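To start, the structure itself, in structure tokens.
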Amino acid sequence: SNTASALEKLQADYVCDGTADNVEIQAAIDALPSTGGKVSLSEGTFNLAATINIAEANAEKGITLEGQGYGTILKINNSTNIYALTFVPSTNGIWATFRDFYIQCNGANQTTGGGGIYAAGAIESLFDNIYFNEPFNYGIYFYQISAGVFGHHNRVTNCLFDQGDNSSGEGVGILFQSNDENRITNCEFQYMGGAAGTIAPAAIIDRTGLNTIANCVFVSGGEGIRMVDASRMVIANNIFDSVVRNNIYLKGTEILVFGNQFYEPNEGAADNTYNVLRVDYYGDNAICNNFFRSNETASKTRSFVQDDGLGRNVYLGNKFEIQGAMGTSIVDITSLDNTVEGNVGLSIPSETKSVWMKNTSGGDLAAGDVVILKSVANGDEVTTTTTGGDDKVFGMATRAITSNTYGFIQVRGKTTLLKVDGTTDIAIGDYLSTFTTAKIAKKATAGDQVFAMALEAYTTNDSNGVIDALLI
């Protein structure tokens, strides 16, 4: 750099003058052989008037760009709206290593774009010990090699992403789009999420899936992690401290969320607006062994979990601890076919279980239909009954199951769908059993096998009732 020592300048192959230092850095990269090589940057500030291109011709066999730690600063000039580094893939993608430097993205002084590293076509690249400060749009933007050809298997480790919230753009730490099977580990994201927030003001946005985010720290800012139509993710062993919006927003499927810790969530947000975990649209996720602690301020956090997606999620072994009262409820899970078991801090109605069974009743089942176990060797079939108080009563269908197909049967927890007959008046707290009309429950009498308790009265003399009940 222009501010390097006399000895460093004497030993250097290229010496920058403090103006458009990207020219010298670009020349050093372009001079590397096709077999790859290394460019080392001294301590000091390198002022960038244009982006530094990492072309596939230079990086197909792997190159390294390294500094001396955070004392090596790549600073983007005002109003240039560039990324410090830009990948230029063609066919096979780019293998590269970047480590030990500081990118001052200068996002507060950009107007239309730019950030840290535009990693289009990144394959098996390593980003280690880099400080990304004030990205206008993205600290790292992982993108495809070409249309329909994904980048993959990159690693981001020991990096710091900071002050994206100073940006009038996206201000996001990492964006994944058409680039998967990556690992983000041991990184810190603080005060991320710019004013634009086209998708969301967040630390990480994943629009691809098949990525792992583990052992990271998220502090304040907008959202922590947002999945957008992304599946098969792992989010594990992270700490979220005072993250303002939803700490994790899941809009995807087959996502495993475990071992995370959430403290002082939604700090600085409007009361009763955001959750710790938001599960939206999709289902088939597992949320296990996480620690949730509410904000100290009452009603600051809406719910620990809001889930109104497709259901079929597993909530197992989580700890919910309340400091200030929740704005809406401890959990607000309205999706169906979930298993919610073994969590500390939840009341009995919040714990639910649904199991995968085959409908062999000879007809279709609808949501709210009562079923019994069928006497078959496999033990995985259900049918209907016209026997009052049937001792094989099992549970209730949560949605339509056609004849001779499998579907979910709820066997425990609260439901709002149970079909009942009110010929014998049903009061809140009454036990329920099967009725003499198929698929319907009634008030239990002496000797009946009980499977639910009424949480709502029904006294009309017909079999058209649909009530809240607790399956037990």
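Just so it is clear, the structure is predicted and the values come from calculations on it, not from any experiment. The first residue of the sequence shown is numbered 1, and numbering continues consecutively from there. Side-chain atoms are counted along with the backbone in the values below, which use heavy atoms only and exclude waters and symmetry mates.
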Check your understanding: Should the ring pair F304 and F320 be called parallel, tilted or perpendicular, given that the plane angle runs from 0 to 90° and is split at 30 and 60?
Key -> tilted
**Study point:** Residues D332, R278: salt bridge by 4.0 Å N-O rule
**Key:** no
Check your understanding: Just wondering, do C187 and V156 contact through their side chains at under 4.5 Å, heavy atoms?
Key -> yes
Check your understanding: Looking only at heavy atoms, which two atoms of F136 and Q110 are closest? And how far apart?
Key -> CE1-O, 3.4 Å
Practice item. For side-chain contact (heavy atoms from CB on, under 4.5 Å), just list the numbers for N2 and N47, CA-CA rounded to whole Å, side-chain angles, deciding distance to a tenth of an Å, and then say yes or no. Key: CA-CA 9 Å; N2 183 52; N47 295 303; over 6 Å; no
**Study point:** Spatial distance of atom CD1 (I52) from atom CG (N22) [nearest 0.5 Å]
**Key:** 6.0 Å
Point to revise | Flag, side chain of T273 to backbone of D271, donor-acceptor distance under 3.5 Å | key: yes
Check your understanding: Looking only at atom types and distance, does a side-chain atom of N137 sit under 3.5 Å from a main-chain N or O of P135, one as donor and one as acceptor?
Key -> no
Practice item. For the pair T253 (side chain) and G283 (backbone), establish whether a donor and an acceptor sit closer than 3.5 Å, ignoring hydrogens and angles. Key: yes
Point to revise | Shortest non-hydrogen separation from Y274 to V244 and the atoms involved | key: CD1-O, 4.0 Å
**Study point:** Derivation and outcome, side-chain contact (heavy atoms from CB on, under 4.5 Å), residues N238 and C216
**Key:** CA-CA 5 Å; N238 302 289; C216 294; 3.3 Å; yes
Review point. Between Y406 and D380, do the side chains contain an N or O donor and an N or O acceptor separated by less than 3.5 Å?
Key: yes
Review point. Nearest heavy-atom pair of I401 and A397: which atoms, and what distance?
Key: CD1-CB, 4.3 Å
Review point. Is the shortest heavy-atom distance from the side chain of N211 to the side chain of I184 under 4.5 Å?
Key: no
Review point. Can you tell me if N81 uses its side chain to pair, donor with acceptor, with the backbone of T111 under 3.5 Å?
Key: yes
**Study point:** Y191 side chain reached by D162 side chain, heavy atoms, under 4.5 Å
**Key:** yes
**Study point:** Atom pair CD1/CG of I103 and N133 - distance to nearest 0.5 Å
**Key:** 10.5 Å
Revision key, fill the gap. Per side chain to side chain contact (heavy atoms under 4.5 Å, CB included), Q190 is matched among L160, V243, V217 by L160
Review point. So, the side chain of N313 versus the backbone of I287: is there a donor-acceptor pair under 3.5 Å, distance only?
Key: no
**Study point:** K414 side chain to T352 backbone, donor-acceptor under 3.5 Å
**Key:** no
**Study point:** Side-chain donor-acceptor contact under 3.5 Å, N158 with N129
**Key:** no
Practice item. Looking only at non-hydrogen atoms, find the nearest pair between H152 and F150 and report the distance. Key: CD2-O, 3.6 Å
Review point. Would you find more than 12 non-hydrogen atoms of other residues, nucleotides or ligands less than 6.0 Å from I472 atom CD1?
Key: yes
**Study point:** Sub-4.5 Å side-chain heavy-atom contact between T328 and N275
**Key:** no
Exercise for review: Check the angle between the aromatic planes of F142 and F127 and answer parallel, tilted or perpendicular using the 30° and 60° thresholds.
Suggested key: perpendicular
Point to revise | Nearest atoms (heavy-atom pairs only) where T72 meets D100 | key: CB-O, 4.3 Å
Check your understanding: Do D17 and V15 pass the side-chain contact (heavy atoms from CB on, under 4.5 Å) test, and can you show the C-alpha distance, the side-chain angles, and the key distance before you say yes or no?
Key -> CA-CA 7 Å; D17 60 7; V15 177; over 6 Å; no
Review point. Would you say K353 has more than 12 foreign heavy atoms packed within less than 6.0 Å of its NZ?
Key: no
Exercise for review: Step by step, work out the side-chain contact (heavy atoms from CB on, under 4.5 Å) result for Y263 and F291.
Suggested key: CA-CA 9 Å; Y263 300 103; F291 181 87; 3.7 Å; yes
Practice item. Could you give me the CA-CA distance, side-chain angles and deciding distance for Q410 and S354, then say whether side chain to side chain donor-acceptor pair (under 3.5 Å) is met? Key: CA-CA 4 Å; Q410 185 174 344; S354 295; 4.8 Å; no
Review point. Does the N318 side chain pair with the main chain of N290, one donor and one acceptor, at a distance under 3.5 Å?
Key: yes
**Study point:** Pairwise distance CG(D241) to CZ(R293) - rounded to 0.5 angstrom
**Key:** 11.0 Å
Point to revise | D30 side, atom CG; N53 side, atom CG - distance, nearest 0.5 Å | key: 8.0 Å
Check your understanding: Hey, are T301 and N266 close enough side-chain-wise for a donor-acceptor pair under 3.5 Å?
Key -> yes
Exercise for review: Indicate yes or no: at least one non-hydrogen side-chain atom of Q177 is less than 4.5 angstrom from one of Y141.
Suggested key: yes
**Study point:** Any donor-acceptor N or O pair under 3.5 Å, side chains S90, E56
**Key:** yes
Revision key, fill the gap. What one should report as the nearest heavy-atom pair of D206 and A230 is O-CB, 3.5 Å
Review point. Is there a donor in the side chain of S294 and an acceptor in the side chain of Q323, or the other way round, less than 3.5 Å apart?
Key: no
Practice item. Test F161 against every option in Y138, Y102, F132 by the ring-ring contact (aromatic ring centres under 6.0 Å, His included) rule and name the one that passes. Key: F132
**Study point:** Any side-chain donor near an acceptor of the partner, N106 and N77, under 3.5 Å
**Key:** no
**Study point:** Sub-4.5 Å side-chain heavy-atom contact between I63 and T97
**Key:** no
Check your understanding: CG of L48 to CD of Q26: how many Å apart, nearest 0.5 Å?
Key -> 10.5 Å
Point to revise | Rounded distance [0.5 Å steps], CD1 in I140 versus OH in Y83 | key: 10.5 Å
Check your understanding: Counting distance only, does the side-chain N/O of E321 pair as donor-acceptor with the main-chain N or O of G345 below 3.5 Å?
Key -> no
Review point. Would you call K251 and D280 a salt bridge, taking side-chain N to carboxylate O under 4.0 Å as the test?
Key: no
Check your understanding: Under the criterion side-chain hydrogen bond (donor to acceptor under 3.5 Å, both in side chains), which of D307, T339, N338 is the partner of Y315?
Key -> D307
Check your understanding: Are the side chains of N260 and F240 in touch, meaning some heavy atoms are under 4.5 Å apart?
Key -> yes
Check your understanding: For Y249, is the NZ or CZ atom of R226 found under 6.0 angstrom from the centre of its six-membered ring and inside 45 degrees of the ring axis?
Key -> yes
Review point. Does S329 offer a backbone N or O that forms a donor-acceptor pair with the side chain of S303 under 3.5 Å?
Key: yes
Check your understanding: Do R399 and F408 have side chains that get closer than 4.5 Å, going by heavy atoms?
Key -> no
Check your understanding: Would you find a donor on one side and an acceptor on the other, under 3.5 Å apart, between the side chain of N182 and the backbone of R155?
Key -> no
